[in-house]
Amino acid sequence: MLKDEILRLKQAKDAVILAHFYQYPEVQDIADYVGDSLDLSRVAEKASAKIIVFCGVNFMAETAKILSPDKKVLLPAKDAGCPMAMMISKTKLLKYKEQHPNRKVICYVNSYADVKALSDVCVTSSNAEKIIMHFKDEKMLYIPDYNLGNYLKDRYQLDIDLWPGHCLVHNRLVEEDVLKMKALYPKAEVLIHPEAPLAVLKLADYVGSTRGILNRAKASCAKEFIIGTEEGILHPLRKENPDKEFYVLHPSMVCRNMKKTTLKEVYEALLNEQYEITIEEEIRLKAKQALDLMLELS
Ligand code: 13P
Ligand code: SF4
């Protein structure tokens with residue numbers, strides 16, 4: 001069986017498998033660690049195995065390589081990218097920085113290494129609030145997710161310029177989607193990821209990262225939940241809370257890139273040691289400074 005072969009190869013090659021909450025249930029189930037972007041970067045930083053197999057999208061595997069350069073980091077699905085990360089480039093950011101030299105650049109981890117390398121600090125959806133508040137008296141630029149930046153800008157009335165990037169999965173939500181689901185499940189708590197538009201977030205009972213959503217669902221007395229993030233999160237939610245009901249806010253909440261990794265890709269990644277992440281050392285070192293500051297402040 002594929003699963004047994006994966007476990008055998010993993011041991012034989014001294015590999016560790018990390019998976020994001022948006023992965024297929026069977027991929028999450030064979031992983032050594034399942035988590036949100038922040039959890040997985042912390043695990044990658046401390047990993048002692050020789051190989052890290054990163055079941056997620058490429059910016060996540062890149063983050064692992066930046067933090068753990070001596071490890072071989074493998075992304076099982078070669079073209080699993082994050083469209084949001086492609087909505088900003090090094091050239092565009094350099095141009096902005098020339099025009100606004102005094103703004104601190106706060107960079108969502110959903111970005112590539114060359115963009116992180118030009119940033120002052122990185123954030124994930126788990127620590128963005130804390131880190132942005134650390135710089136609250138400064139002028140900031142938040143890249144590349146408009147919605148997450150706008151949510152914090154609105155909440156704390158901060159001086160933040162916002163980059164016009166977005167997540168294709170969360171940005172398509174509209175208020176109507178929430179109102180319809182609330183009418184169907186009036187007792188349910190509404191938990192939404194901050195990559196959704198502000199008008200949608202204003203209808204939520206809780207706004208937070210994937211880890212935050214899991215923690216909230218566990219701690220809450222409610223028995224039903226409407227979940228405004230990628231459907232992969234339903235797997236750990238149901239596993240951890242068998243007595244509670246979870247409904248995804250909209251059926252289109254599927255990240256095609258996260259779904260490019262199946263057990264077959266994980267098996268082939270281990271067998272052929274593919275696809276290896278490489279980053280130019282000068283870029284890696286600069287990007288690491290922004291990630292190190294994030295880990296220190298979070
Ligand atoms: P989390 O850090 O909350 O897991 O989010 C990652 C992501 O890509 C959300 O779309
Ligand atoms: Fe990128 Fe959105 Fe997929 Fe997250 S859900 S990896 S932000 S496209």
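Whatever order the structure lists ligands and atoms in, that order sets their numbers, starting from 1. Each residue takes its place number in the sequence, starting with 1.
For Phe225 and Tyr247, the ring centers are positioned 6.0 Å apart or more.
Taking a cut-off of under 4.0 Å to the non-hydrogen atoms of Pro83, the atoms of ligand 2 that pass are 8 (S). Residue contact check: Asn110 has heavy atoms under 4.0 Å from atoms 7 (S) of ligand 2. Counting atoms of ligand 2 from 1 in the listed order, those under 4.0 Å from a heavy atom of Tyr22 are 4 (Fe), 5 (S).
Under 4.0 Å from ligand 2, the heavy atoms of Glu195 that appear belong solely to its side chain. Residue contacts with ligand 2 for Leu168 are absent, since no atom lies close enough (heavy atoms, distance under 4.0 Å). In Leu38, neither the side chain nor the backbone holds a heavy atom less than 4.0 Å from any atom of ligand 1. The side chain of Glu195, and not its backbone, has at least one atom closer than 4.0 Å to an atom of ligand 1 (non-hydrogen atoms only; side chain from C-beta on). Residue-level proximity to ligand 1 for His193 is carried by the side chain, the only part with a heavy atom below 4.0 angstrom.
Minimum interatomic distance between Ser37 and Val109 (heavy atoms only, all atoms of both residues): CB-CG2, 4.0 Å. Residues Lys218 and Asn241 share a closest heavy-atom pair of CA-OD1, 3.5 Å.
The closest approach between a heavy atom of Phe21 and any atom of ligand 1 is not below 4.0 Å. Heavy atoms of Met258 come nearer than 4.0 angstrom to ligand 1 in no pair at all. For the pair His20 and ligand 1, a heavy-atom separation below 4.0 Å is found.
When Cys82, Ser37, Gly35, Gly212 are ranked by how near their heavy atoms come to atom 2 (O) of ligand 1, first place goes to Ser37.
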* Asked: Does the side chain to side chain donor-acceptor pair (under 3.5 Å) test come out yes or no for Asn150 and Lys153, once each step is laid out?
  -> CA-CA 5 Å; Asn150 193 33; Lys153 178 178 173 152; 6.0 Å; no
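Of the charged side-chain nitrogens involved, at least one lies within less than 4.0 Å of a carboxylate oxygen, so that Lys10 and Asp32 count as a salt-bridged pair. Ion pairing of Lys239 with Asp29 is present here, as a side-chain N (NZ or NE/NH1/NH2) and a carboxylate O approach within less than 4.0 Å. One finds a salt bridge joining Glu189 and Arg216 here, because a Lys/Arg side-chain nitrogen approaches an Asp/Glu carboxylate oxygen to under 4.0 Å.
Not a single N/O/S atom of Cys255, whether from backbone or side chain, sits less than 2.8 Å from atom 1 (Fe) of ligand 2.
The aromatic rings of His170 and Tyr22 lie tilted to each other, with the angle between the two planes from 30° to 60°.
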